[in-house]
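Okay, structure first, notes after.
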Amino acid sequence: MENNKYRSIVNLDFQYAHRFMNWPCEAKHLHGHSGLLTIELEDVVDPVTGFAHACKEGFKKAWEVADHFHHATLFQEGDPLLEPMLEVYKKAGIINDPKYCVPLKKIDHELAWSYPEYRIVVTKKVSTCENLCELFYELLKDKMPIKKITFRSSLMNAASKEF
């Protein structure tokens, strides 16, 4: 039987900070990346629109999740820096003020949760490219027909997973 499915590709880039809490080398220090999330959506071509999936719609749905990570700090569950960072943000008044910033809804998932007012995301697993592929899939799988996710944190670091 002929495969009549096509893939529409959505790319999102954003900046984030994180650290590898238990890593013995330099990545244990808080540092930043320009992340690139690539989502391949697979479906049959709609005879009316000519798209397997309209990329603009895919971008909007994916950005509803990815925006939580844009200019955010990611901490792994149990990181001793999380509480002091929250206290500093509170004391200094560093908030995601809806008057100036897009308001975010709280992420509440078994793999990650967030403090949207501070643009902080706490992940269950270390925030490697591999684990971020899994996390984005879990947060988006009910919103779109995902076939593959690739996450790149630099030119050297990337991971990809088919679903």
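We're numbering straight along the sequence, starting at 1.
Side chain of N4 to main chain of V44: no donor-acceptor pair is present (N/O by atom type, distance under 3.5 Å, no hydrogens or angles). Under a 3.5 Å cut-off, the side chain of R19 and the backbone N or O of H29 do not form any donor-acceptor pair. At least one donor-acceptor pair under 3.5 Å links the side chain of K106 to the backbone N or O of S114.
If you check the side chains of S127 and H18, you find a donor sitting under 3.5 Å from an acceptor.
Shown here are the salt bridge (charged side-chain N to carboxylate O under 4.0 Å, His left out) partners of K161, two or more places apart in sequence or in another chain: there are none. K105 pairs by the salt bridge (charged side-chain N to carboxylate O under 4.0 Å, His left out) definition with nothing, not counting sequence neighbours. With sequence neighbours left out, R152 forms a salt bridge (charged side-chain N to carboxylate O under 4.0 Å, His left out) with no residue at all.
Nearest heavy-atom pair across D79 and L81 is OD1-N, 2.8 Å. Between L12 and A62, the closest heavy-atom pair is CD1-CB, 3.8 Å. The two atoms that bring P103 and N96 nearest to each other are CA-ND2, 4.4 Å, heavy atoms only. Between A52 and D43, the closest heavy-atom pair is O-CB, 3.4 Å. In terms of heavy-atom proximity, L41 sits nearest to G58 at CD1-CA, 4.2 Å.
Under the 4.5 Å side-chain heavy-atom criterion for grouping Ile, Leu, Val, Met, Phe, Trp and Tyr, I9 is not connected to I39 through any hydrophobic cluster. Cluster membership check: L82 shares its hydrophobic cluster with I95, using side-chain heavy-atom separations under 4.5 Å among Ile, Leu, Val, Met, Phe, Trp and Tyr. At a threshold of 4.5 Å between side-chain heavy atoms, the hydrophobic network of Ile, Leu, Val, Met, Phe, Trp and Tyr places V122 and F20 in two separate groups. Put simply, L86 and L104 are part of two different groups of oily side chains (I, L, V, M, F, W, Y) that touch within less than 4.5 Å, one to the next. Side-chain heavy atoms closer than 4.5 Å link hydrophobic residues (I, L, V, M, F, W, Y) into clusters, and following such links, possibly through other members, connects F59 to I149.
Salt bridge annotation for K124-E77: present, with a cationic side-chain nitrogen under 4.0 angstrom from a carboxylate oxygen. Between K5 and E40, no side-chain nitrogen of the basic residue sits less than 4.0 Å from a carboxylate oxygen of the acidic one, so the salt-bridge criterion is not met. Ion pair D67/K60 not flagged as a salt bridge, since none of the NZ, NE, NH1 or NH2 atoms sits closer than 4.0 Å to an Asp/Glu carboxylate oxygen. Using a cut-off of 4.0 Å between Lys/Arg side-chain N and Asp/Glu carboxylate O, K61 and E64 are scored as not salt-bridged.
For K56, the NZ atom counts as loosely surrounded, since its 6.0 Å shell holds 12 or fewer non-hydrogen atoms of other residues, nucleotides or ligands. Around atom OH of Y6, no more than 12 heavy atoms belonging to other residues, nucleotides or ligands sit under 6.0 Å away.
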Donor-acceptor contacts, no H, no angles, side chain residues 133-142, under 3.5 Å, sequence neighbours left out:
| from | atom 1 | to | atom 2 | distance (Å) |
| --- | --- | --- | --- | --- |
| E134 | OE1 | K125 | NZ | 2.7 |
| E134 | OE2 | K125 | NZ | 3.4 |
| E138 | OE1 | K141 | NZ | 3.0 |

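Apart from V48 itself, the hydrophobic cluster it occupies contains nothing, where clustering links Ile, Leu, Val, Met, Phe, Trp and Tyr at side-chain heavy-atom distances under 4.5 Å.
Here S8 contributes atom OG and M144 contributes atom CE; the two are 11.0 Å apart, rounded to the nearest 0.5 Å. Separating the CH2 atom in W63 from the NE2 atom in H70 is a distance of 5.0 Å, to the nearest 0.5 Å. Summarising the geometry, atom CZ belonging to F75 is positioned 10.5 Å from atom OG1 belonging to T123; distances are rounded to the nearest 0.5 Å. In this structure, NZ on K148 lies 9.0 Å from OG1 on T38, to the nearest 0.5 angstrom. If you take CD1 on I120 and CD1 on I107, they are separated by 12.5 Å, rounding to the nearest 0.5 Å.
Between Y16 and V121 there is no side-chain heavy-atom pair separated by less than 4.5 Å. Inter-residue side-chain proximity for F151 and L37 is flagged as met; some heavy-atom pair is nearer than 4.5 Å.
For residues 98-128, the set of pairs meeting the ring pair (Phe, Tyr, Trp, His ring centres under 6.0 Å) definition, not counting sequence neighbours, is empty.
The aromatic ring centroids of F14 and H71 lie 6.0 Å or more from each other.
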